[in-house]
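What follows is a single structure, written as structure tokens, with notes after it.
From a predicted model like this one, the values you see are computed outputs, not experimental measurements.
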Amino acid sequence: MAKITSAYANAMPKKLSIGAIGLLSLVLSQSAFAVSCNFKNGDIFTEICGYLEIDSVQTGGQLKVHVASTTSNFDVHIRRAGNSNPNLQSTSFSGAGNYTPSGSDYDGLNWGSAYTINIPANWTSGIYEISFNNGKGSYSEFVAIKSAQPGNYSKVLVLDSSTTAFAYSPIGGKSMYGFNSNNGKASHQLSTERPTGRGQWAEHSEFVTWLDKQGIAYEAASMMDLHRDPSLLNNYNLVMLAGHNEYWSKEMRDNWDNYLAAGGNGAIFSGNTMWWQVRFSADNKHMICYKNANDDPLYGQDNSRVTTNWFKSPVNRPENLSIGTSFQHGGYANYTTSGQQYYVKNGSGDDGSYGGFKVTDATHWAFTGTNLANGNIFGRGDDVNSRSVVGYEVDGALFSMSNNKPVVTGEDGTPSNFQILATTPAYAVNSPSLVPGVVHNNYAGQGWGTMGIFQPTVNGGVVFTAPTIDWAEGLNDPQVGLITKNVIEKLKTRGQSSSSSSSEPSQSTTTTSGGGGSLPISGLLLGLLAIFRLKPRKQ
């Protein structure tokens with residue numbers, strides 16, 4: 001292991017006498033020497049923590065990190081997240097300070113000068129785990145390292161959900177949610193240079209682990225790369241979202257829409273997608289989201305950038321136009337109130353679909369090889385080796401029934417060519433009716449998650465959407481895995497059709513059996529996250 005002392009290392013404090021140290025030990029409690037990195041979800045780090053600067057990270061470039069540690073010396077280990085990927089690089093540093101965030105540091109931590117880590121040019125673009133270790137504890141951050149030559153290794157791109165991680169992180173005292181903010185009050189502005197933890201990265205880790213197991217080549221980039229670079233997506237044929245990708249800037253959405261209009265394809269394996277519009281400071285070091293349009297200084301000045309829900313006035317740009325669905329007409333698959341879960345698997349009223357998707361068009365190429373028929377349920381997690389793909393937030397399009405088939409109404413902005421392939425019941429907390437769970441102009445007057453496929457523009461690319469946060473958690477279900485592979489194989493080439501009548505996807509580069517591994521995460525953490533993420537929706 002190479003010993004490297006950062007050129008930007010903090011100056012070491014003056015030495016204290018033994019007597020002074022003894023006096024301090026009597027006056028100060030042991031906790032006074034601990035790093036405070038509490039993510040309010042069960043993850044608490046007291047020995048070491050760190051964050052990355054917001055600069056774009058690419059192969060052959062540099063990664064700049066800031067560290068708080070109870071020891072001066074620490075190591076940074078880097079590995080590409082995925083299936084059994086080993087540690088690629090270890091670097092030792094010294095001079096770390098023991099920083100404790102104050103109640104106002106959410107708008108800008110000051111954990112000393114940056115430590116610079118060089119990224120080898122021969123690394124493959126992907127999601128990487130950055131592990132900080134000081135011998136007493138460890139902490140991990142994740143980062144999307146983009147390719148210096150986008151599209152050279154693979155024409156398939158995975159985007160991270162870094163903006164959502166910024167919004168939920170409580171480090172420094174506040175997030176964009178009251179439930180994990182000081183005094184229960186959210187902030188409309190947050191620093192993008194803070195620890196984000198592993199919570200918003202779990203599904204990405206599982207997704208890329210599965211891609212590795214299936215031998216599916218991909219590259220990765222961050223949402224901030226999408227924000228900064230209008231030409232980034234043009235290098236790819238298929239761009240995929242996974243997990244929880246809730247916060248989008250106007251630049252991000254414009255670049256996504258332009259890419260699709262130019263013939264690029266999209267695959268959405270995420271829920272609560274494109275829910276809030278945000279904007280950034282000129283240096284990208286601060287993310288802004290007032291959530292209430294009337295509070296935003298740009299209201300009436302530049303309504304296209306007002307930070308509220310995309311579908312609301314004065315933005316009036318429903319996310320359905322870009323992704324086909326909305327959390328507004330979907331909701332929670334596992335909503336709990338007063339200790340009771342609304343949809344209970346095998347409970348009262350369960351027709352077998354709770355926690356899974358019910359097929360509505362089994363003739364579509366997405367289901368090739370699955371042996372699924374109309375009315376069949378998949379992804380429910382009934383197999384001992386499987387987990388439910390539906391949860392905890394799912395998105396949907398308004399629809400009615402015609403000849404026993406769900407057909408979109410288009411009232412919500414969903415393009416009329418959106419073909420519903422499967423549905424799942426959801427509790428619509430944010431229903432336009434203002435009555436939780438009730439969506440008057442939807443089928444059966446309730447929320448639904450709608451898996452489907454469409455073309456946002458004439459002659460543009462195809463978008464497939466499996467609109468649920470937990471899709472990646474069920475990828476070792478053979479049918480879920482095969483559907484995912486069918487979509488990737490079909491859409492990794494431009495010029496495809498979304499219709500059922502098109503040719504079946506090629507299986508030449510991957511096997512036809514479903515399945516794949518997943519990165520385990522404790523049940524306790526998942527439960528806590530599910531509970532916490534429900535609370536903001538009810539405010």
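- If you take CZ on F132 and OH on Y51, they are separated by 10.5 Å, rounding to the nearest 0.5 Å.
- A salt bridge is defined here as a Lys NZ or Arg NE, NH1 or NH2 lying under 4.0 Å from an Asp or Glu carboxylate O, and D302 with K250 fails to meet this definition.
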Donor-acceptor pairs under 3.5 Å, side chain of residues 144-151 to any protein atom, not counting sequence neighbours: which ones?
from: S147; atom 1: OG; to: Q149; atom 2: N; distance (Å): 3.0
from: S147; atom 1: OG; to: Q149; atom 2: O; distance (Å): 3.0
from: Q149; atom 1: OE1; to: N152; atom 2: ND2; distance (Å): 3.2

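- More than 12 heavy atoms of other residues, nucleotides or ligands shown are found within 6.0 angstrom of CG on N294.
- K136 meets the salt bridge (Lys or Arg N to Asp or Glu O under 4.0 Å) test with E47; sequence neighbours excluded.
- Shortest non-hydrogen contact noted between T59 and S125 is CG2-N, 4.2 Å.
- Each of Y335, F327, Y392, Y332 was checked for a ring-ring contact (aromatic ring centres under 6.0 Å, His included) with Y427, and the lone residue meeting it is Y335.
- Ring pair F269/F464 is tilted by interplanar angle, where 30° to 60° counts as tilted.
- Across T196 and F39, no two heavy atoms sit closer than the pair C-CE2, 3.4 Å.
- Ring-centre distance between W275 and F311: below the 6.0 Å cut-off.
- Contact detail for W201 and A165: the closest heavy-atom pair is NE1-CB, 4.3 Å.
- Relative to the six-membered ring of F45, R198 misses at least one condition, a distance below 6.0 Å or an angle of at most 45° to the axis.
- Ion pair R317/D257 flagged as a salt bridge, since at least one NZ, NE, NH1 or NH2 atom sits closer than 4.0 Å to an Asp/Glu carboxylate oxygen.
- Counting only distance, with no hydrogens or angles, the side chain of T163 and the backbone of Y247 share a donor-acceptor pair below 3.5 Å.
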ring-ring contact (aromatic ring centres under 6.0 Å, His included) assessment of Y115 paired with F74 = CA-CA 11 Å; Y115 295 90; F74 66 94; 5.1 Å; yes
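- Between Y99 and W111, the ring-plane angle classifies as parallel under the 30° and 60° cut-offs.
- For E251, the salt bridge (Lys or Arg N to Asp or Glu O under 4.0 Å) partners two or more places apart in sequence, or in a different chain, are R305.
- Under the side-chain hydrogen bond (donor to acceptor under 3.5 Å, both in side chains) test applied with S231, the options N235, N234, D229 reduce to a single match, D229.
- Here the options are K291, R279, K312, the test is salt bridge (Lys or Arg N to Asp or Glu O under 4.0 Å), and the partner is D296; only R279 passes.
- For F280 and H227, the ring centers sit closer than 6.0 Å to each other.
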